[in-house]
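Written below as structure tokens is the structure these notes are about.
When a ligand or atom number is given, it counts from 1 through the structure's own listing order. Along the sequence shown, the residues carry numbers beginning at 1.
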Amino acid sequence: MPNTDYTPWYVSPQSQFKLSDFDTEPPSKGLPSGDELEEHLADMGEKLDKLQSTLHAAKTRGLLVVFQGMDTSGKDGVIRSVFSHVSPLGVRAEAFGVPTDLESRHDFLWRIHAKAPARGEMVIFNRSHYEDVLVTRVRGMIDEETCQHRYNNILRFESLLHNAGITVLKCYLHISKSEQKKRLQARLDDPRKHWKLQPSDFADRELWPKFTQAYEAALSATSTPESPWYVVPADSKPYRDSFVAGLIVQTLENMKLKTPKPSFDLSQVQLT
Ligand code: ADP
């Protein structure tokens with residue numbers, strides 16, 4: 001079962017860290033068995049379901065969970081596995097691709113803000129506003145100065161959400177380049193998975209070092225105690241899922257959510 005102290009995987013603000021400082025594999029000491037991970041995930045799923053119901057009922061707080069990572073890092077997989085435990089009521093998943101014509105004529109946060117959670121909601125982002133300081137930077141679509149401005153825009157935006165009662169929890173799904181090779185090969189070998197492949201998957205793999213640098217800079221510039229980034233070891237799918245489920249449970253528990261009191265005197269109710 002993953003350690004419930006997630007601090008070692010928290011990105012310290014402005015830490016100029018290296019992704020290579022973080023393991024892509026689960027910690028070798030005390031590694032839980034497959035069964036234990038499954039049990040932990042089921043446990044966390046039950047807790048998540050209860051906490052999400054309370055979040056939905058209370059409508060005092062909201063949660064935005066952002067997933068970023070290299071291609072095949074498991075964004076779709078973790079969303080399917082972790083959120084299958086919660087009621088679709090009050091939960092929404094949003095994916096962000098290449099901006100449309102209209103979206104690219106607005107500021108980069110326009111399409112993001114429109115999909116942000118309201119109090120009472122839990123929203124999951126599969127890719128996010130971080131693409132605007134990652135792929136855009138790596139592909140030379142923005143210059144260094146614009147990128148720095150965008151970090152500040154992101155910090156202010158997430159602080160705005162925080163002040164409105166919305167917590168932003170950000171997960172970087174950390175896989176090794178060799179694990180990506182295995183996963184891409186598995187997709188090439190299985191015709192049912194061909195639809196998942198894009199030319200950009202192979203082009204971006206060639207740019208692995210540049211993406212790594214862009215992630216290091218972006219995570220370091222935008223991790224804050226209120227809107228933290230975590231580097232999730234994601235080479236093992238069961239460990240990744242268990243880790244993320246536990247992290248979300250902990251985040252919701254820290255909100256100390258309470259169901260609202262009834263708005264009328266229940267003792268006066270007479271059932272016929
Ligand atoms: P995924 O790869 O997550 O399964 P898609 O195949 O739809 O989903 O790919 C989405 C693509 O859109 C990715 O290559 C991603 O880099 C790109 N993208 C997302 N947001 C932006 C953005 N703001 N600017 C440019 N490209 C973006």
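- In summary, the side chains of S267 and D265 do present a donor paired with an acceptor at a separation below 3.5 Å, with no hydrogens or angles considered.
- Geometrically, ligand 1 and D204 share no nitrogen or oxygen pair separated by less than 3.5 Å.
- Under the 6.0 Å distance and 45° angle rule, R150 counts as a cation-pi partner of F108.
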Apply ring-ring contact (aromatic ring centres under 6.0 Å, His included) to the pair Y172 and F22, showing each step before the final yes or no. CA-CA 11 Å; Y172 172 73; F22 289 88; 9.1 Å; no
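- Side-chain atoms of E103 come within 3.5 Å of backbone atoms of T100 as a donor-acceptor pair (strictly under, hydrogens ignored).
- Inspection of the H174 and T24 side chains reveals no N or O donor paired with an N or O acceptor under 3.5 Å.
- When hydrogens are left out, the protein atom nearest atom 22 (C) of ligand 1 is P99 CD, 3.4 Å; that is the closest non-hydrogen contact.
- Short contacts between ligand 1 and D132, defined as distances under 4.0 Å to a heavy atom of the residue, involve ligand atoms 23 (N).
- S12 contributes no side-chain N or O that, together with a main-chain N or O of S15, makes up a donor-acceptor pair within less than 3.5 Å.
- Considering only non-hydrogen protein atoms, atom 14 (O) of ligand 1 sits nearest to S200 OG, 4.0 Å.
- Nearest protein neighbour of atom 15 (C) of ligand 1, counting heavy atoms only, is E131 OE1, 3.6 Å.
- For the pair V135 and ligand 1, the shortest N or O to N or O distance does not fall below 3.5 Å.
- Counting only non-hydrogen atoms, the option in R127, Q68, Q198 that gets closest to atom 2 (O) of ligand 1 is R127.
- In this structure, atom 4 (O) of ligand 1 is not in close contact with the protein, since no protein heavy atom lies within 4.0 Å of it.
- Within the 4.0 Å heavy-atom criterion, neither part of M70 lies near ligand 1.
- Applying the side chain to side chain donor-acceptor pair (under 3.5 Å) test between Q68 and each of Y130, Y215, W229 identifies Y215 as the sole match.
- Atoms of ligand 1 lying under 4.0 Å from at least one heavy atom of R111, given by number and element, are 20 (N), 21 (C), 22 (C), 23 (N).
- Judged by distance alone, the side chain of K59 and the main-chain N or O of H56 form a donor-acceptor pair under 3.5 Å.
- Of the candidates T136, D76, V98, D201, the one placing a heavy atom closest to atom 27 (C) of ligand 1 is V98.
- The single protein non-hydrogen atom nearest to atom 7 (O) of ligand 1 is G97 CA, 4.8 Å, given as residue, atom name and distance.
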